[in-house]
Amino acid sequence: MSRESVTARGRTFAEEGMTSTCRIGDYTPTVGDDLATAYTITAETYAGACELEVSSSTTGRAVDAGTQVVSLRDAVLEVPVIASGNVKAGQMVEMVTNPLDTSTVGLQLRIGAPDDKTYGVTRRFPVEVMP
């Protein structure tokens with residue numbers, strides 16, 4: 001069995017486990033009458049299966065924020081490797097469906113630099129909630 005065939009099997013297995021869907025693309029901010037900022041995807045580069053993972057609070061990073069110590073939790077978005085080649089840092093993710101946690105539907109996130117690998121089974125991006 002070659003590394004390529006093992007990677008292909010891993011990709012199939014990983015994609016079968018992606019129960020959420022999302023849209024990713026370039027976006028435009030708009031300030032409404034209430035001065036709240038809304039974000040709209042204007043040029044979609046990916047739409048399809050994805051998985052959002054947020055670290056547990058026990059693995060979060062403690063950050064000194066002046067008079068408080070805040071625990072930051074890292075979030076990662078995983079998408080299929082083959083279909084997501086045009087996704088890049090700085091784009092926006094909008095969660096479209098998540099049958100296992102509907103509270104994430106509509107969530108908008110900004111993508112960071114990808115964690116690329118030669119034999120990666122998913123494409124992983126750090127993400128943060130849009131302000």
Side-chain angles (χ1 to χ4, degrees):
M1 204 180 301
S2 69
R3 291 180 79 178
E4 290 80 6
S5 65
V6 171
T7 300
R9 288 178 63 197
R11 287 178 178 177
T12 299
F13 182 76
E15 290 174 27
E16 288 172 354
M18 292 182 186
T19 58
S20 301
T21 59
C22 62
R23 297 175 55 226
I24 301 173
D26 298 328
Y27 64 94
T28 301
T30 306
V31 178
D33 293 339
D34 60 356
L35 301 180
T37 303
Y39 301 95
T40 305
I41 292 178
T42 54
E44 189 174 277
T45 56
Y46 174 79
C50 64
E51 182 175 336
L52 179 63
E53 295 180 9
V54 179
S55 67
S56 68
S57 59
T58 58
T59 61
R61 296 174 283 129
V63 176
D64 185 356
T67 60
Q68 299 178 345
V69 175
V70 179
S71 177
L72 296 179
R73 295 174 24 172
D74 296 322
V76 174
L77 182 77
E78 295 187 40
V79 292
V81 172
I82 301 300
S84 62
N86 292 329
V87 175
K88 57 187 182 275
Q91 290 184 318
M92 184 180 94
V93 177
E94 182 173 25
M95 298 301 294
V96 178
T97 65
N98 184 343
L100 302 177
D101 184 0
T102 57
S103 70
T104 64
V105 173
L107 187 63
Q108 295 180 328
L109 308 155
R110 182 178 303 123
I111 293 181
D115 178 20
D116 291 328
K117 297 179 181 178
T118 300
Y119 294 101
V121 296
T122 63
R123 192 175 311 277
R124 298 170 54 92
F125 295 93
V127 290
E128 60 184 26
V129 175
M130 299 288 282

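If you read the sequence from its start, that first residue is 1, and numbering goes on from there. Both backbone and side-chain heavy atoms feed into the values below; hydrogens, waters and symmetry mates do not. What you see is a predicted model, and the numbers here were worked out from it, not measured in a lab.
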Checklist outcome for this item: On a heavy-atom basis, the closest approach of Gly85 and Arg123 is CA-NH2, 3.9 Å
Checklist outcome for this item: Of all heavy-atom pairs linking Val79 and Met18, the shortest is C-CE, 3.8 Å
Item to check | Tyr27-Met95 co-clustered via ILVMFWY side chain contacts under 4.5 Å | outcome: no
Checklist entry - Between the main-chain N or O of Tyr39 and the side-chain N or O of Gln108, is there a donor-acceptor pair closer than 3.5 Å? => result yes
Item to check | Closest contact, heavy atoms only, Val96 versus Val105 | outcome: O-CG1, 3.2 Å
Checklist entry - Taking C-beta and beyond as the side chain, do Phe13 and Val121 meet within less than 4.5 Å on heavy atoms? => result no
Item to check | Worked verdict on Asp74 versus Val54 for side-chain contact (heavy atoms from CB on, under 4.5 Å) | outcome: CA-CA 6 Å; Asp74 296 322; Val54 179; over 6 Å; no
Item to check | Ser2 side-chain N/O to Ser5 backbone N/O, donor-acceptor pair under 3.5 Å | outcome: yes
Checklist entry - Does any non-hydrogen side-chain atom of Tyr46 lie less than 4.5 Å from one of Asn86? => result no
Next on the checklist: Using every non-hydrogen atom in the two residues, find where Phe125 and Pro114 come nearest and quote the distance to one decimal.
Outcome noted: CE2-CB, 3.4 Å
Next on the checklist: Does Glu51 form a side chain to side chain donor-acceptor pair (under 3.5 Å) with Ser20? I'd like the steps, not just the answer.
Outcome noted: CA-CA 6 Å; Glu51 182 175 336; Ser20 301; over 6 Å; no
Item to check | Atom pair CD1/CG of Ile24 and Leu77 - distance to nearest 0.5 Å | outcome: 5.5 Å
Checklist entry - Under the 3.5 angstrom rule, does the side chain of Thr12 hit a backbone N or O of Ala8 as a donor-acceptor pair? => result yes
Checklist entry - Rounded to the nearest 0.5 Å, how far apart are OG1 of Thr122 and CD of Glu78? => result 3.5 Å
Next on the checklist: With salt bridge (charged side-chain N to carboxylate O under 4.0 Å, His left out) as the rule and sequence neighbours excluded, what pairs involving residues 8-35 come up?
Outcome noted: Arg23-Glu44, Arg23-Glu94, Asp26-Lys88
Next on the checklist: Is the shortest side-chain heavy-atom distance between Val76 and Val127 below 4.5 Å?
Outcome noted: no
Checklist entry - Quick one: does Pro29's side chain get under 4.5 Å of Met130's, heavy atoms only? => result no
Next on the checklist: Could you check whether Thr40 and Thr28, counting side-chain N and O atoms only, form a donor-acceptor pair closer than 3.5 Å?
Outcome noted: no
Item to check | Euclidean distance, Gln91 CD relative to Arg110 CZ, rounded to 0.5 Å | outcome: 12.0 Å
Checklist outcome for this item: Nearest heavy-atom contact between Cys50 and Cys22 is SG-SG, 2.9 Å
Checklist entry - Do Leu109 and Leu52 come close enough that some side-chain heavy atom pair is under 4.5 Å? => result yes
